[in-house]
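Here the structure is a predicted model, which is why all the values come from computation and not from measurement. For ligands, and for the atoms within them, numbers begin at 1 and follow the listed sequence.
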Amino acid sequence: MNKPDDPSAARGISVYPTFEERGRAFDAQLIERSWARSLRYGISPADRVLFEAPQLVRPRELREYGGPLLEAARPEMEQLHASLAPRDWVLACIDMDGVVLNAIGKCNSANRELNQVFRQGAQFLETLVGTTAPSCALAEKESVVISGPEHYLEEARAFTCMATPIFAVDGGIVGVLDASRKGPVSSAYTLESLVIAARAIERRLFTQLGDVLLVHLHCRLDILGTPMEGLLAFDAGGKLRGANRIARQLFGEPELKIGIDFADLFDMPFAHAVCYRRYDLSVPFRLQTHSGSQLHACVTASPTKGASTPSRIAFEGRRADVAERGPCLEDPAVSEALERARKAFARNIPVLLNGETGTGKEVFARLLHDEGPRAAGPFVAINCSSIPASLIESELFGHVEGAFTGSRKGGAAGKIEQAHRGTLFLDEIGDMPMELQGRLLRVLQERSLCRLGGTSLIEVDFALVCATHRDLLQLTGEQGFREDLYYRINGFRVALPALRERSDLARLIQHLLRGETSGQHPPALDGVALKALLAYHWPGNIRQLHQVLRLAAAFAEDEGIIRLDHLPAEVLQARPLSVPPLEVPEGTLQASEQRAIRAAIDACQGNLSAAARSLGIGRATLYRKLKTMD
Ligand SMILES: Nc1ncnc2c1ncn2[C@@H]1O[C@H](COP(=O)(O)OP(=O)(O)OP(=O)(O)O)[C@@H](O)[C@H]1O
């Protein structure tokens, strides 16, 4: 074929790097095809189009018809431009008709011509400008770099430009993102940045879908939460509303038709995925496709419009105790109580914590200390129920040498003295012997104490936090606790809710699981196991939950996913009694059927084929029925 302006011939005499030198995957045929089309369109390389063609669309009209793409592209372009700034790139967002919606470039002499070429409303279609990066990327739906003489028009040959397509949620091309600059450049880094920005723009287009469930997926766990993850959007009925290009590559394009059901793609009921969102859990879990592929997934609600797209979901986690990781306090009642208690504590008002065992009373007390005005001082805790009555007096008040047989040489300071300029935490104060209650009251009133066996007064200055699982007021009525002491320690009372009453149980699970990993991702939680944990009544509260998760994470170490059989018997046995009520009227035939289906799925640990067999129905029937359930 006779090609008057063969791009490869031009390359031979060029100062521009060769394809190989640019060190990137590159399809030379893509440019040759574009040149062939440009020739066919009857354009002459000598034509002057780029600088002189009239503006096709006025900027005012652009805002209207290019609005959604522009809105999604602008923040990503600004960010990319800032990172490329020292090298005078002009970035342009161009719609599917080749019209420049927006361009960003510094106003300097190096950019003068490109700012003119990429003016708003100018059009880049192969039929008008021949081979350029944006026109070629639009035609080929592929990323492309066009350097100097690879441009069809002579007037464009002083530039290097690269463009990458932007795909809409339905898979169609919606525009391209272009980066251009004068002269030859090494392009690999810029092209990579451009592609990542385009993926981020596509993620922002998902936010324009409104209220959808977003399923983030990839076969590699470390890709989840990055712009390179697969993304599917489902409406409340489980119907597919959008899929990004990476998800389309994972499934194969024909599979992902808009409107198909979640259950047509995955071996998991949609209701389980919804369960992750309901509790706002971003813990990754395994999702099996009907073709048997195992994907890592995580579910989020669609981010609110305009909110920045998180570039990374926070999966980071290593084994660390609560003190290091910080407690989870997302239950509004708990966080509100903490806020008030902080204020009281800062004014030296004694705080009394009431709550069942394991509800986090000591964690709460430590938090008050760590965030209070005495944080630089000591935090001294003493459990009044675990020390024998005969020892508690010396433990609390200290003793002088010779106070009793076996007393320490030189005497010893008690816990109250040790808490000087810090915080004294008296746990299980309801178990303090009556006779000591009077002595404690005196210390609190006089701010001084006398060591056991001693005569001199020692001044003490400490903040006080007490805790108990008992009803102290009732105890005062039964003569088990001094009423005057009760009012003295009860400056501000906080009733810590039992775990079964907390609204942040799912968050706590996630939080504690993160602590069960050493330098890697936390174990994922199977939907059925999550439900069982949420349904259990947790008599041992957070302490018990922590133990259960620690054990389950150890059992699930090889698989990386916690399943029902990794949970202890007491959690499983309690399940049937406490499965959350179904959202269909009790007593109807439909309600009974749904209960039976859920029970079968739970019993089969989410394996739908096994559940269908146990129900005596076909798998397709089970899918059909699941579609009608939440
Ligand atoms: N908000 C929280 N976030 C994360 N972990 C917590 C939280 N609260 C408590 N825990 C964990 O739960 C366990 C029990 O907490 P803590 O000892 O504070 O409870 P407690 O009410 O003082 O118990 P007890 O009354 O039996 O002394 C600890 O392992 C602690 O790390």
Side-chain angles (χ1 to χ4, degrees), residues 279-281 283 314 316-342 345 350-372 379-387 392 395 415 423-432 464-472 475 481 489 493-517 522 525 533-534 536-554 568 571:
Y279 296 104
D280 207 5
L281 273 185
V283 278
E316 79 295 331
R318 67 204 166 81
R319 185 181 274 280
D321 67 7
V322 169
E324 204 180 315
R325 235 176 31 250
C328 174
L329 300 160
E330 295 192 30
D331 180 284
V334 177
S335 53
E336 209 171 290
L338 177 64
E339 214 31 62
R340 287 171 166 229
R342 259 191 203 124
F345 187 75
V351 175
L352 175 62
L353 305 173
N354 241 156
E356 293 177 10
T357 179
T359 45
K361 298 187 288 295
E362 180 159 353
V363 166
F364 201 98
R366 267 187 189 277
L367 205 64
L368 287 178
H369 170 77
D370 290 346
E371 295 178 356
F379 175 86
V380 179
I382 180 163
N383 187 323
C384 305
S385 70
S386 64
I387 302 174
I392 192 164
E395 272 293 307
K415 295 285 185 190
T423 302
L424 179 68
F425 174 54
L426 296 177
D427 201 359
E428 297 305 353
I429 189 147
D431 295 337
M432 183 179 270
L464 182 68
V465 182
C466 299
T468 179
H469 69 282
R470 305 173 77 162
D471 181 342
L472 286 189
L475 259 189
F481 201 81
I489 62 173
R493 195 176 80 91
V494 176
L496 282 174
L499 186 53
R500 61 189 165 278
E501 291 159 6
R502 283 179 70 144
S503 60
D504 60 348
L505 171 55
R507 287 297 186 126
L508 254 164
I509 293 173
Q510 185 181 8
H511 186 88
L512 294 171
L513 272 180
R514 280 209 200 108
E516 288 313 307
T517 50
L525 196 55
L533 292 172
L534 294 175
Y536 185 57
H537 59 289
W538 299 110
N541 294 298
I542 309 179
R543 182 179 289 110
Q544 187 191 11
L545 172 67
H546 199 172
Q547 295 301 350
V548 165
L549 291 177
R550 187 168 278 178
L551 200 64
V571 174

Next on the checklist: Would Pro327 count as being in polar contact with ligand 1, using the rule that some N or O on each side must be under 3.5 angstrom apart?
Outcome noted: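 For ligand 1, there is no N or O atom that lies under 3.5 Å from one belonging to Pro327.
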Checklist entry - Heavy atoms, side chains only, cut-off 4.5 Å: are Leu367 and Leu329 in contact? => result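 Yes, at least one pair of side-chain atoms sits under 4.5 Å.
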Checklist entry - Would you find a donor on one side and an acceptor on the other, under 3.5 Å apart, between the side chain of Asn541 and the backbone of Thr357? => result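 The answer is yes, because a donor-acceptor pair under 3.5 Å joins these two groups.
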Next on the checklist: Looking at Asn354 and Ala495, would you say the former's side chain and the latter's main chain have a donor-acceptor pair under 3.5 Å?
Outcome noted: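 Not at all, since once roles are kept as given, no pair shorter than 3.5 Å links the two residues.
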Next on the checklist: My understanding is that only one of Glu428, Glu356, Lys361 makes a side-chain hydrogen bond (donor to acceptor under 3.5 Å, both in side chains) with His469; could you say which?
Outcome noted: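 Single pass found, and it is Glu428.
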Checklist entry - Hey, which of Asn383, Leu353, Val465, Leu472 is the one that makes side-chain contact (heavy atoms from CB on, under 4.5 Å) with Ile429? => result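 For Ile429, the side-chain contact (heavy atoms from CB on, under 4.5 Å) test succeeds with only one of Asn383, Leu353, Val465, Leu472, which is Leu472.
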Checklist entry - How are the rings of Phe379 and Phe425 set to each other: parallel, tilted or perpendicular (split at 30° and 60°)? => result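 Because their plane-to-plane angle is under 30°, the rings of Phe379 and Phe425 count as parallel.
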Option whose closest heavy atom lies nearest to [atom], chosen from [options]:
atom	options	result
atom 14 (C) of ligand 1	Arg543, His546, Gln544	Arg543
atom 27 (O) of ligand 1	Val363, Leu353, Asp427	Asp427
atom 25 (O) of ligand 1	Gln547, Lys361, His511	Lys361
atom 23 (O) of ligand 1	Ala365, Cys328, Gly358, Ser335	Gly358

Checklist entry - Touching ligand 1 at all, Gly355? Heavy atoms, strictly under 4.0 Å? => result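 Not so, Gly355 does not reach ligand 1.
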Next on the checklist: Between ligand 1 and Leu508, can you find any atom pair, the residue atom being a heavy atom, that is separated by under 4.0 Å?
Outcome noted: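 Heavy atoms of Leu508 do come under 4.0 Å of ligand 1.
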Next on the checklist: With a 6.0 Å cut-off (strictly less than), is the heavy-atom count around CD of Glu371, excluding the residue itself, greater than 12?
Outcome noted: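 Check passes, neighbour count above 12.
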Next on the checklist: Taking 4.0 angstrom as the limit and counting only heavy atoms of Thr357, give me the atoms of ligand 1 inside it, by number and element.
Outcome noted: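 Taking each heavy atom of Thr357 in turn, ligand 1 has 24 (P), 25 (O), 26 (O) under 4.0 Å.
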Checklist entry - Relative to ligand 1, is Glu362 under 4.0 angstrom through side chain, backbone, both or neither, heavy atoms considered? => result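 It is both parts that get close, each with some atom under 4.0 Å.
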